[in-house]
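Notes follow the structure.
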Number of protein chains: 2
Amino acid sequence: MELTDRKKRILKVVVEDYIETAEPVASKTIAQQMGGGVSSATIRNELADLVELGYLEQPHTSAGRIPSPKGYRLYVNELMERRSLSEQEAEDINAALRGKMEELDSVISRAGQVVSSLAGYPAYAVSSGKKHATLRRFELLGVSDASFICVMMTDASHVKSQILKTELPFDEDCLPQLTNLLNTHFTSRTITEMNERLRSVSEQLPAPSFLALSKVIALASEVLSEAERPDVFTTGTNRILKMPEFRDADRAHELMTFMVESKESLPVPDDGAPMKILIGPENVSEALRDTSVVVASYDIGDNMRGLVGVVGPTRMDYAAVTARLSYFAESLSNMFGKNQLPPAPADESTTRKQGEDP
Amino acid sequence: MELTDRKKRILKVVVEDYIETAEPVASKTIAQQMGGGVSSATIRNELADLVELGYLEQPHTSAGRIPSPKGYRLYVNELMERRSLSEQEAEDINAALRGKMEELDSVISRAGQVVSSLAGYPAYAVSSGKKHATLRRFELLGVSDASFICVMMTDASHVKSQILKTELPFDEDCLPQLTNLLNTHFTSRTITEMNERLRSVSEQLPAPSFLALSKVIALASEVLSEAERPDVFTTGTNRILKMPEFRDADRAHELMTFMVESKESLPVPDDGAPMKILIGPENVSEALRDTSVVVASYDIGDNMRGLVGVVGPTRMDYAAVTARLSYFAESLSNMFGKNQLPPAPADESTTRKQGEDP
DNA sequence: TTTAGCACTCGAAAAGAGGGAGTGCTAAAC
DNA sequence: GTTTAGCACTCCCTCTTTTCGAGTGCTAAA
């Protein structure tokens, strides 16, 4: 059954007032907010209906109403006014993005920080991890006769280099040879394939070269598994303590520990969707049952996606958070996905379409 | 004035009991703990003296006694029994150290994590930062005609590599030339010196080469300033909420925010000292006035030192924390300072001397 | 269908009432 | 002189009671 227009307007007022005050909303307050057209008694009748229908809840008989998860859902889907960012907000985001942003890891963790301070809630950031990462290029550079720098580039254009030491000193011309061998026979291979090849060449190489080679392959498999494993960063968990619903140390501790330690089970948006909102019990993780999560994904090039999410109380300011988050994700996508150039401090239009939800 | 032996024994009991229970300690409890030789009334007389002398405090008349900062100080300096680690504890530390530990950053942040879980308190870890870092070696590797990998090694044997793109395509043989130029004229130089040299060669190079070169120098100055800036990682801040003295959300928030945001002002040990203990008001930072900090430094080779510290309530278990922390710092020093080899899973002696204090 | 009126509910905060752990002091014992 | 038993006293904690008021639900009139 569709709600009447007036019921929706009342629901909207309740949600927005509760978002602001974190206190149950009284019928009188609603009547005022709605501009005096109706009396509080009328509102009370409507409120009773809304409770009946499951959109609102009443902490106890003589208290005002608070939105239920179902109420928030309706609000987010239909009632919420999709906000545009103020120039100030957009400028803040751009400023935050102008910082140094070359290294993938630092991009991702910074994204979390930015979003957290943008939203005023704790946030997390995930790099989706490349599916079947392989190496595109090797380079070995001698440092001494028993150590060398190994540089590798993954097919996600991620470069990793490290000094390797070996127990058996090697010849001077051994490294170019090895580099060549690596680039012809070990590129575009999975870890197992690389290990097979390593075994198959073991006979044909002098011991020092073979030792060096196996060190390289060991590092390679580490680099690849690292590239495949998504990284998760959490930030702003201290903000949890500023939410009235988490003034209780035990609850705060539970949520905080969950965010820091059980990073894997933080929500991600559905494939293809740019944004997802999960309200209270819609979260699968027990620890998030009393919170809402807004998560957006962005393009970081090379077919990879990054992810930033905000964790807040169910009464979080959805309009503001979604607006900022989607603008942020969009800016990041522009920065990384389309052109690979560093951030052009775009001073263009500050209004944007907002993200979606199921 | 020196305390009598009995006063010291009483003080020791008070401190240790309070560390354990976080409750004011009663004269009766003390009498029991001391083995029945004296009555509680005698203890009460002694307690009154100790309060007078400033070693103990009384939250209110008719409450037990708690140690004052001065009391803790005496305890730490004279009374505390320097603990040896149990085999289990030493084994736990070794196990934690066996993990992957090649990259400096990951060593440092892991050190913080390990220490935090070792102590049960939040912890921080700092890399001291090299004083006047310079670059020891450059290498440029072509990827396409407008992008190349730049590898550089600092004099702290830290390798950094990144893909650079340039707007002007360059010749094939340009990169080896540039590499050569860099290695002959730009190594062992400060940032300003490098920039001077850059200007002085600007005339003699074709535009594409010069553009590429300036990108390299720009990256170099970033790498160097990064190497000079100490990194600070904080972990385990969620443990703050488990301390009874920080059940109050506001206080917990204050401390947590301080640890996460004002990293610079976290205490460091005096030059040369392996360890430092700061009790309550001995901390300069206001936010740490009600906490104690135990901080140890360790050798990470190349004349650099790392730092790990633990932040806990003033009644923290100093004996346990200092024992673990100093064992940990010593193990790390062995691992990195003396030999540069990766962790040999040492199954040797599990007892060690403990660290020092002013 | 809306509204005014009013009794009723319930929680939060304030006030009150023991209870008890622990002290400080005094006077006796060692 | 030091130690100890004895005892009154203090002050916090917990539990209960009271009060207060915001807010509701219901009824009857507009």
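Naming convention: chains lettered A, B, ... in sequence-line order (proteins, then strands); numbering from 1 in each chain. Quantities reported herein were computed from a predicted structural model and do not represent experimental measurements.
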* **Side chain of A:Arg6 - closest among C:dA4, D:dT4, C:dT2** => C:dT2

For residues 236-243 of chain B, dump all side-chain donor-acceptor pairs below 3.5 Å to protein atoms at least two apart in sequence or in another chain.
residue  : atom : partner  : partner atom : Å
B:Asn238 : ND2  : A:Thr257 : OG1          : 3.2
B:Arg239 : NE   : B:Ser116 : OG           : 3.0

* Structure fact -> Between B:Ala41 and B:Pro59, whichever has its closest DNA chain D nucleotide further toward 5' is B:Ala41

* Between B:His60 and B:Ile43, just flag the one whose closest nucleotide in DNA chain D comes earlier from the 5' side. => B:Ile43

* Neighbour count above 12 (heavy atom, 6.0 Å) for B:Glu52 CD -> no

* Asked: Does atom CD of B:Glu20 have more than 12 heavy-atom neighbours from other groups under 6.0 Å away?
  -> no

* Pairwise distance CD1(A:Ile19) to CE(A:Met80) - rounded to 0.5 angstrom -> 9.0 Å

* Structure fact -> The salt bridge (Lys or Arg N to Asp or Glu O under 4.0 Å) partners of B:Arg251 (sequence neighbours excluded) come to B:Asp290

Could you go over nucleotides 22-25 of chain D and give all protein N or O partners under 3.5 Å, atom names and distances?
residue : atom : partner : partner atom : Å
D:dT24  : OP1  : A:Ser27 : N            : 3.3
D:dT24  : OP2  : A:Ser27 : N            : 3.4
D:dT24  : OP2  : A:Ser27 : OG           : 2.7
D:dT24  : O3'  : A:Gln58 : NE2          : 3.4
D:dG25  : OP1  : A:Arg65 : NH2          : 3.3
D:dG25  : OP2  : A:Arg65 : NH2          : 3.2
D:dG25  : N7   : A:Arg44 : NE           : 3.2
D:dG25  : O6   : A:Arg44 : NH2          : 3.2

* Asked: Does the salt bridge (Lys or Arg N to Asp or Glu O under 4.0 Å) test come out yes or no for B:Glu282 and B:Arg73, once each step is laid out?
  -> CA-CA 10 Å; B:Glu282 294 171 8; B:Arg73 181 85 274 167; 2.6 Å; yes

Grab the [atom1]-[atom2] distance between [X] and [N] for me, whole Å please.
{"X": "A:Ile66", "N": "C:dG11", "atom1": "CD1", "atom2": "P", "answer": "14 Å"}
{"X": "B:Glu23", "N": "D:dC13", "atom1": "CD", "atom2": "C1'", "answer": "11 Å"}
{"X": "B:Lys7", "N": "D:dT3", "atom1": "NZ", "atom2": "C1'", "answer": "13 Å"}
{"X": "B:Asn45", "N": "D:dT3", "atom1": "CG", "atom2": "P", "answer": "8 Å"}
{"X": "A:Asp5", "N": "C:dT1", "atom1": "CG", "atom2": "P", "answer": "16 Å"}

* Asked: Stepwise, does the salt bridge (Lys or Arg N to Asp or Glu O under 4.0 Å) test hold for A:Glu2 with A:Lys8?
  -> CA-CA 10 Å; A:Glu2 258 300 293; A:Lys8 286 186 182 170; 2.8 Å; yes

* Structure fact -> In DNA chain D, stems of three or more consecutive pairs, Watson-Crick or G-U, each with both distances under 3.5 Å, turn out to be C:1-30 with D:1-30

* Asked: Taking the side chain from B:Glu89 and the backbone from B:Ser86, do they hold a donor-acceptor pair closer than 3.5 Å?
  -> yes

* Using modelled atom types only, decide if a donor and an acceptor are shared between the side chain of A:Ser326 and the backbone of A:Thr322 within a distance under 3.5 Å. => yes

Between the protein and nucleotides 14-16 of chain D, list every N/O to N/O distance that falls short of 3.5 Å.
none

* Asked: So which pairs with a foot in residues 61-70 of chain A pass side-chain hydrogen bond (donor to acceptor under 3.5 Å, both in side chains), sequence neighbours left out?
  -> none

* To do: Would you mind reporting whether A:Leu255 and A:Thr291 have side-chain heavy atoms less than 4.5 Å apart?
  => yes

